[in-house]
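The block underneath contains the structure these notes are about, expressed in structure tokens.
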Amino acid sequence: MVSVQQSLQQVLRATLEECKDAGLFRCELPEIAISRPKRAEHGDFATNIALVLAQRAGRPPRALAEEIVGHLVDPEGMIAQVDVAGPGFLNFRIADAYWLRLLGEVLHTGDEFGRGSAASPGRINVEFVSANPTGPLHVGHGRGAAVGDALCRLLRFAGYHVGSEYYVNDAGNQVAMLARSTWVRYMELLCERDPSRGPAPALPEDGYQGEYVRDIALQLLERDGERWAGAEPPGDLEPIREFAVFVTLEWIRATLQRFRVEFDHWFSERTLHQSGALQRWVDALKARGLVKDEDGALWLKTTEMGTGDDKDRVLRKSDGEWTYTTADLAYHANKLERGFGHLIDIWGADHHGYVPRMKAVMKAAGAEPSQLEALLVQFVTLLQGGEKVAMGKRSGKFETLDDVIDEVGIDAARFFFLTRRHDSHIDFDLELAKKQSLDNPVFYVQYGYARACAILRRAAELGIDEAPYSLELSERLKLPEEINVLRRLADFPTLVAEAAAAREPHRLVFFLTELAQDFQSYYTRLQKVHGDTVLPQRRHREGDWQATWDFDKTRARLLWVRAIRQVMKNALALLGVEAPERMERMPAEAAAGPDEDEVEDDAGEAKA
RNA sequence: GCGCGUUUAGCUCAGGUGGAUAGAGCGUUGGUCUCCGGAACCAAAGGCCACAGGUUCGAAUCCUGUAACGCGCGCCA
């Protein structure tokens, strides 16, 4: 598949070769940058090549630009018009036939339209969420999940080979504390049932205070009865730890699955310890002199790795325990051993101080620091009616991801998490996200898609048979609005490639919003400005109307609608947002408020 | 104190790797309206791109410094 932009690139390269042969300049041809001008008067594409070459050619940019135009090599007649503009830009207008052919290409390639073959595919591992299995996912995890998942979809579509992965921290202090907290809640339950047991033990100060720990305790009680009862925690908390982690992980899996986030691999930290990988790595590092003994602990000399880490890091504490750094080293080395040449880690922005350390760890593991790429996802502030919704895991009063999904739905949550760059703060307005109106960008985009579907349905009802694509038929599309939309569809493959390379799925959101806008605008303008309609209306369908109605024009426009719908669908799929065939009409009394919520809750319970 | 990040319209944010007159949504103001899904559309007002220097044909974008805000600086994860 060759994009319009690539075709132009070829034309320009041939042209410049011609110029070189004519002695305009001697140097090697530089890369030809082609951009889409912001202003329509500047044509479909522009290049600054004359500005770049001016100095080496030894003549002013504008004069050089004129020369280049004079040597234009365009056997296919792709370029309808060239202008030299401003300081020396070359502005090109592409022949309409090229845009019309693109319409055929969209229809022909369908779900594959926009798929790329990345230049150096390699194998990329994307690790994200990786929340400790010590409680339900919260909103911040939700953003990481949406970004990571959309990025994986985008990278795959762009032609990279991607493995997605969740690192389960099922070893260490945090899960030990969860086990301890679970046991305390378990004892509370027992003491409530049987007051003669006396007061229950107190939760440790840094224990997990969330309500959910009681749920785990209750499940433990149901499974094991009074087996763990006592004044002191059992000597071996291992079975309780295992149980608590299992329960928590099931919650996390369920939430992610519901959120349409899938992982190729769930990697358990515990298995890493059990395999002896940590010890093996430390031995290897010792042999290479990268490790030092100090204060009874074993340190990795990360400051000597040239990655900017400001202090050395402990691998094994003086009490003999491994630190997370050691496990992370073994884990990332493991990813490399499994054939991933490039590792993307998606972390919360509060982990930014971790980057130089992990780069050093990569170096120590015998890899290049550049093989690790850390994407930092900024925090989300939840707003409800303009006011911040309090969060905070320690207080136990946090808004879980499930709460948010319940509130606004999966599509809105994913879309909102993906509308901003990953490193920019998000104010997530819950009121706006659940609004069934055009202020809500998710709704606006989905409505556009549903409307396109409705047009095609209606055409079928009217018995208008759709014709297959042909250039001749597509030439019935003559309105500037129609051609403009095709220009935008043509941007999609380039957008996919660039967004993937930049790791920026949010660009798809902007693309979709603009495309939906073009489409909506067209429908109003077609009637108001051009006095035309796509489909015959009732007023048209009188008498022997079929003899006079221009069916080919309608068929051309139906193909056009179909192509727009296709590209919307492809883009939405990359975001993991549903493309609905029809929008559910909201009840007229939608403004009702709290009453309505209760009604919904009741209905939900009745179903369950 | 050191390090990282952020600073663009009243608000929330884009700005395609240095390009032409700075972009969108919301909000505000004004309009279209017998409507294929009107759950629509159009237009206007609104800017010292935090500040000061520098690099070059050309800077919101790259460099240096300043300020404000956020985050990070454990033998925690």
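It should be emphasised that the depicted structure is a prediction, and the values quoted were computed from it without experimental measurement. Hydrogens, waters and symmetry mates are skipped; everything else that's a heavy atom, side chains included, is used. Each chain gets a letter, A, B and so on, in the order the sequences are listed, and its residues count up from 1.
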Closest to the side chain of Arg420(A), out of rU12(B), rC35(B), rA39(B), is rU12(B)
Just by distance, with hydrogens left out, do Tyr444(A) and Gln517(A) show a side-chain donor and acceptor under 3.5 Å apart?
-> no
Ignoring the backbone of Ala502(A), work out which of rA20(B), rU17(B), rA39(B) is nearest its side chain.
-> rU17(B)
Sugar-phosphate only, base, or nothing, as touched by Leu432(A) at under 4.0 Å among non-hydrogen atoms | nothing
With rounding to whole Å, what would you report as the distance between rG54(B) and rC71(B) at their P atoms?
-> 35 Å
Candidates rA39(B), rG5(B), rC36(B) - which lies nearest the side chain of Tyr447(A) | rA39(B)
Is Arg313(A) touching bases, backbone alone, or none of the nucleic acid, heavy atoms closer than 4.0 Å?
-> nothing
Picking from rG37(B), rC71(B), rC73(B), the nucleotide nearest the side-chain atoms of His352(A) would be rC71(B)
Within the structure shown, what part of the strands sits under 4.0 Å from Ala46(A) by heavy-atom distance: base, sugar-phosphate, or nothing?
-> base
Ignoring hydrogens and angles, are the base of rG72(B) and the side chain of Asp350(A) linked by a donor-acceptor pair under 3.5 Å?
-> no
Under 3.5 Å, is there an N or O donor on one side and an acceptor on the other linking the side chain of Asn440(A) and the base of rA39(B)?
-> no
Give the nucleotide from the list rA20(B), rU32(B), rU21(B) with an atom nearest to the side chain of Ala85(A).
-> rA20(B)
Give a yes or no on whether a salt bridge exists between Arg488(A) and Asp491(A), defined as a side-chain N under 4.0 angstrom from a carboxylate O.
-> no
Considering only rG15(B), rC75(B), rA20(B), which nucleotide approaches the side chain of Lys317(A) most closely?
-> rC75(B)
Say you pick atom C1' in rC2(B) and the same atom in rG47(B); how far apart are they, in whole Å?
-> 36 Å
How close or far is atom P of rC71(B) from atom CD1 of Ile426(A), stated in whole angstroms?
-> 17 Å
How are the rings of His540(A) and Trp549(A) set to each other: parallel, tilted or perpendicular (split at 30° and 60°)?
-> tilted
Using centres under 5.5 Å plus planes under 30 degrees as the test, is Phe89(A) stacked with rA20(B)?
-> yes
Counting side-chain heavy atoms from C-beta on, which of rC75(B), rC76(B), rG37(B) comes nearest to Val314(A)?
-> rC75(B)
Base-pairing string, 5' to 3', of RNA chain B - Watson-Crick or wobble, under 3.5 Å, | interstrand | (((((((..((((.....[...)))).(((((.......))))).....(((((..]....))))))))))))....
Gap in Å between the two C1' atoms, one belonging to rU6(B) and one to rA60(B), rounded = 14 Å
Base orientation of rU55(B), syn vs anti, 90° cut from 0 = anti
Take atom CZ of Arg357(A) and atom C1' of rG74(B), then tell me their distance rounded to the nearest Å.
-> 9 Å
Using whole Å, report how far CG of Leu526(A) lies from C1' of rC35(B).
-> 13 Å
Give every pair of a protein N or O atom and an N or O atom of nucleotides 41-46 of chain B that lie under 3.5 Å apart, one pair per line with the distance.
unit_1: rC41(B); atom_1: OP1; unit_2: Tyr444(A); atom_2: OH; d: 2.6
unit_1: rC41(B); atom_1: O4'; unit_2: Thr524(A); atom_2: OG1; d: 3.1
unit_1: rC42(B); atom_1: OP1; unit_2: Ser521(A); atom_2: OG; d: 3.0

Under 3.5 Å side-chain donor-acceptor pair for Tyr354(A) and Asp328(A) | yes
Is His42(A) stacked on the base of rA20(B) when the test is centres under 5.5 angstrom and planes under 30 degrees?
-> yes
Nearest to the side chain of Asp310(A) - rA20(B), rC73(B), rU12(B)?
-> rC73(B)
